[in-house]
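Here's the structure, in C-alpha cells; my notes come after.
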There are 2 protein chains.
Amino acid sequence: MTETMTVDAGVLAARVTAALRAAGASAESAAATTEALMYASRIGVDSHGVRLAAHYAAMLRQGRLNPIPVLTTRRTAAATAVLDADDGLGHFACYRAMELAVGIAAESGLGAVGIVRSSHCGAAGAYALKAAEAGMIGIVTSNSDANVAPFEGAVPFHGTNPIAMAAPVAGQQPWLLDLATSSIPFNRVRLYRSLNRPLPAGVAADAQGRPTTDAHAAEMLLPLGGPDYGFKGAGLAGMVTILSAVLTGATTDPHMIPMTETDDRSTARNVGQFCLAIDPARFVGRAAYEAAMADYLGLLRQVPSTGDSRPVMAPGDREWETARHRARDGIPIDPDTRRFLGL
Amino acid sequence: MTETMTVDAGVLAARVTAALRAAGASAESAAATTEALMYASRIGVDSHGVRLAAHYAAMLRQGRLNPIPVLTTRRTAAATAVLDADDGLGHFACYRAMELAVGIAAESGLGAVGIVRSSHCGAAGAYALKAAEAGMIGIVTSNSDANVAPFEGAVPFHGTNPIAMAAPVAGQQPWLLDLATSSIPFNRVRLYRSLNRPLPAGVAADAQGRPTTDAHAAEMLLPLGGPDYGFKGAGLAGMVTILSAVLTGATTDPHMIPMTETDDRSTARNVGQFCLAIDPARFVGRAAYEAAMADYLGLLRQVPSTGDSRPVMAPGDREWETARHRARDGIPIDPDTRRFLGL
C-alpha cells in the first residue's frame with residue numbers, strides 16, 4: 001500500500017463537505033454525511049468512511065439522490081414518529097431521526113422513529129452513538145439491496161442488513177456494536193477476486209447457492225452462521241427488514257435497486273431505517289445502570305484471552321483505539337479517494 | 001427412541017399444571033408456566049418444553065423459586081414500565097410484562113417493560129408471540145448464566161442469551177424468530193458426550209478456550225459465528241445482557257448462579273428480561289404493514305431451495321408445521337418426563 005497517505009481529520013472533513021456541496025448537496029445534508037463518513041473513517045471502518053463520498057457525489061449528480069431534501073416528520077404517538085427522508089442522503093435522515101428519538105425517549109422513556117424514502121446511511125453505528133452520547137441506549141437498523149441468500153436459498157434475497165447498538169458508559173467511550181447480518185460484506189468478495197485469494201469457508205455461495213471458497217465463483221453471501229447455523233443470521237436479517245422496511249413503508253430488500261451493481265442511477269431506492277432510543281433512567285435508574293455497566297465491562301475485559309497479544313475486548317474497544325491512533329497519525333486514504341478529494 | 005410416547009396436548013397440560021401446583025406454585029404462576037412449556041412442546045422446541053417441569057418443580061420445592069410470587073409493576077413513563085417478578089417462575093413474569101407492554105404500545109406506539117428478580121423463562125418466543133397475536137411486533141430478550149466464551153476469551157462469560165421476535169402476518173401464523181446467540185445450547189454438548197459423537201466445528205471450546213470438536217473436552221460454547229466471526233455472536237449476547245440485566249437491575253451473566261450445574265438450589269438468581277412491543281399502526285399503518293409483510297414472506301418462500309426436499313422457510317414456518325403435526329399426533333414425551341408426570 002505504498003500509495004496510501006494519511007490526512008488530518010479536519011482537512012479531510014472539509015474536502016468531503018466541499019465535494020458533496022459541489023455535487024449539489026444542501027449544506028445540512030452535506031454536513032450530516034460528512035459527519036457520518038468521518039465517524040467511520042476515524043474508527044477504522046474504512047469501507048463506510050470517506051471513500052463513499054465519490055459514490056454519493058455521483059448519485060447526487062445523476063438524480064438518484066435528492067440534493068436538497070426537505071425532511072418531514074410526523075409524531076404518531078407518545079413514543080413514535082415517522083420521518084420521510086425525501087430521497088436525500090440517508091445520513092441526514094438518520095441523524096435527524098435519532099435526535100428526534102432521543103427527544104421522545106427523554107419524555108416517554110422510549111422513542112422510535114421509522115424512516116422512509118431514505119438511502120444508504122453508511123455505518124449505522126454513527127446514529128446509535130448519538131443516542132449514547134445523549135445518555136440513552138440507541139439501536140439502529142437499515143435494510144439494503146439483496147445480496148445475501150436466505151438459509152438454504154439459492155438466490156440473493158436479504159441485504160447485509162446491519163444492526164447497531166450503542167450504550168453509554170460513564171467516564172468512558174460508549175459500548176458500540178455495529179454488525180452486518182452476513183459474515184462478510186460483498187466488497188470482501190470483490191477484494192479477494194482481485195487478489196486471487198480463496199474466501200474463508202461458509203461465508204459465500206455460488207450461483208446455485210452452494211457454499212464456495214472460490215471468490216470468482218461466489219455470487220452471493222451466506223448469512224451469519226454459515227451453512228450450519230445460517231438460519232440465525234437469516235432470521236436476524238429478516239428482523240432488520242421487518243423493522244426497517246415492512247414497518248416503515250420502505251422498499252424491501254428483494255425489490256430494492258442495487259446500490260452499485262446497476263446502471264440505474266437516477267431512480268430513488270426508498271431504503272428504510274429504524275431508530276430506537278431507550279432511557280436507562282426509566283428502568284433501573286441512571287446511577288444503578290452506570291454501576292452495572294462499569295462492572296460488566298470491567299469483568300469482560302478481564303477475561304483471559306486466547307489471543308497471544310491482545311486482551312478480550314468489548315464491542316467498540318478496537319474502534320476507539322483506532323480513533324486514538326488516527327487522531328494522532330491522521331486518517332489513511334486510498335489513492336482513488338485521494339484523487340477524488342484532490343488531496 | 002422406543003421409550004418415547006406421544007400425549008394429547010390437553011392431557012399433558014393438565015399434568016404439568018398439577019405437578020407445578022403440587023410443588024407449591026400459585027394457580028396463576030402454574031398456569032403461565034404450563035402455557036409457556038406447552039407452547040414450546042407444541043412447536044417442537046422440546047429442550048424448552050414440558051421436560052422442564054421437573055426442574056421447575058424441584059426449584060419450587062428447594063427454595064430458589066418463590067411459589068407464590070406477587071408481581072409488582074411500576075409505570076415509569078408514557079412508554080415504559082418495570083416489573084419485579086418476586087423471584088417467581090419467569091414465565092408468569094414474562095407473560096404479564098408483555099401484556100403490559102402491548103397495552104402501553106396501544107397507547108404510546110411502543111411499550112417496553114424491564115423485568116428484574118425473574119428466573120428462567122423457557123422459550124422467549126412464547127412472549128414475543130403474545131405481542132404478535134395482539135397485532136404488534138414483539139421483541140423479547142433474556143440473559144442467563146455464563147456458558148459462552150467472549151470472542152477470543154478463555155472462560156465462559158455470557159449466557160446463551162436468546163433474542164426472540166414475532167411479527168403479525170394477516171391471515172397466517174406470525175413470523176417467529178427465537179435464537180440463542182451461541183450456535184448450539186450446552187445441552188447439545190451433553191447429548192454428544194453421551195453419544196460419544198464429535199461436535200460440529202466452531203461451536204464449542206475446551207478449558208483453555210480453544211475450539212474443539214471433542215464433546216468430552218468441551219467446557220464452554222463459542223458465540224454464533226465461531227472462531228472467525230464470533231465477535232458478532234458475542235456482541236449480540238452483550239446486547240441481550242445490557243437490555244435484560246444492566247438496564248433492568250438484574251444480575252449480569254458472569255455473576256449469575258448456574259441454572260443446573262450447582263448445588264445451590266435455594267438462592268434466587270435474579271434473571272432479567274426485556275419485553276418490547278411496537279404497534280405497526282403508528283408507523284406505516286396497519287393495512288400497508290400487512291400488505292408489505294405478505295409480499296415479503298411470499299417472495300421469501302418462493303426462493304429456489306438448495307435443499308432437495310424442502311422449500312425455503314421463513315422463521316417460524318417449521319415450528320408451525322410441527323405444531324400442526326403434533327396437534328394431530330400428540331406431543332412426544334421422553335421417559336424421564338413421562339415418569340415425572342405420571343404418564
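Note: hydrogens, waters and symmetry copies are ignored here, and every other heavy atom, side chains too, is used. Here the structure is a predicted model, which means the values were calculated and not measured. Just so we're on the same page: letters track the sequence lines, and every chain starts at 1.
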Over 12 non-hydrogen atoms of neighbours within 6.0 angstrom of CZ in Arg318(B): no
Separation of His158(B) NE2 from Tyr296(A) OH (nearest 0.5 Å): 2.5 Å
Gly109(A) to Ala77(B) - nearest heavy-atom pair and separation: N-CB, 3.8 Å
CZ (Arg286(B)) with more than 12 external heavy atoms under 6.0 Å: yes
Most contacts with chain B, counted as non-hydrogen pairs under 4.5 angstrom, among Val113(A), Ile104(A), Leu243(A): Leu243(A)
Pairs of heavy atoms under 4.5 Å with chain B: top-ranked of Val155(A), Ile242(A), Val203(A): Ile242(A)
Side chain / backbone / both / neither for Leu247(A) at chain B, heavy atoms under 4.5 Å: both
Contacting region of Thr248(B) [heavy-atom separation from chain A under 4.5 Å]: backbone
Ile139(A) side, atom CD1; Ile139(B) side, atom CD1 - distance, nearest 0.5 Å: 7.5 Å
Which of Leu300(B), Leu177(B), Asp228(B) touches chain A most, by non-hydrogen pairs under 4.5 Å: Leu300(B)
Option in Ala245(A), Ala281(A), Ala154(A), Gly111(A) with maximal non-hydrogen atom pairs under 4.5 Å from chain B: Ala154(A)
Closest approach of Gly235(B) to Pro315(A) (non-hydrogen atoms, all atoms of both residues): CA-CG, 4.1 Å
Heavy-atom check, side chain of Gln208(B) versus side chain of Thr306(A), under 4.5 Å: no
Part of Val116(A) lying under 4.5 Å from any heavy atom of chain B: neither
Structural part of Asp253(A) lying under 4.5 Å from a heavy atom of chain B: neither
Interface residue of largest heavy-atom contact number with chain B, from Arg210(A), Arg282(A), Glu290(A), under 4.5 Å: Arg282(A)
Check: Ile278(A) and Leu276(B) side chains under 4.5 Å, non-hydrogen atoms: no
Side chains of Leu179(B) and Leu236(A) in contact at under 4.5 Å (non-hydrogen atoms): yes
Heavy-atom pairs under 4.5 Å with chain A, option from Ala78(B), Ser108(B), Gly249(B) with the top count: Ser108(B)
Segment of Val82(A) engaging chain B (4.5 angstrom heavy-atom cut-off): side chain
Inter-residue atom distance Thr252(A).OG1 - Leu297(B).CG, 0.5 Å rounding: 10.0 Å
Engaged part of Pro280(A) at the chain B interface, taking heavy atoms whose separation is under 4.5 Å: both
Straight-line distance of Phe157(B) CZ to Leu299(A) CG, nearest 0.5 Å: 5.5 Å
Most contacts with chain B, counted as non-hydrogen pairs under 4.5 angstrom, among Ala112(A), Gly209(A), Pro254(A), Ala149(A): Ala112(A)
Shortest non-hydrogen separation from Trp175(B) to Gly238(A) and the atoms involved: CZ2-C, 3.9 Å
Heavy-atom pair of closest approach, residues Pro150(B) and Val303(A): CG-CG1, 3.9 Å
Atom group of Ile163(A) that falls short of 4.5 Å from chain B, counting heavy atoms: side chain
Among the listed options Met313(A), Arg74(A), His255(A), the residue most often paired with chain B at heavy-atom distances under 4.5 Å: His255(A)
Ala167(B) portion near chain A, given a 4.5 angstrom heavy-atom threshold: side chain
Heavy-atom check, side chain of Val246(A) versus side chain of Tyr289(B), under 4.5 Å: yes
Ala180(A) versus chain B, the contacting section by heavy-atom distance below 4.5 Å: both
Heavy-atom pair with the smallest gap, counting every atom of Gly153(A) and Val312(B): CA-CG2, 3.6 Å
Contact summary for Ala79(B) and Leu110(A), nearest pair of heavy atoms: O-CD1, 3.7 Å
Contacting moiety of Ser183(A), where chain B heavy atoms sit under 4.5 Å: both
Side chain / backbone / both / neither for Ile137(A) at chain B, heavy atoms under 4.5 Å: side chain
Chain B contact via Pro304(A) - which portion, at a heavy-atom distance below 4.5 Å: both
Thr251(A), part contacting chain B, at a heavy-atom distance under 4.5 Å: neither
Phe283(B) side chain reached by Thr80(A) side chain, heavy atoms, under 4.5 Å: yes
Donor-acceptor contact present, side-chain Lys232(B) to main-chain Gly225(A), <3.5 Å: no
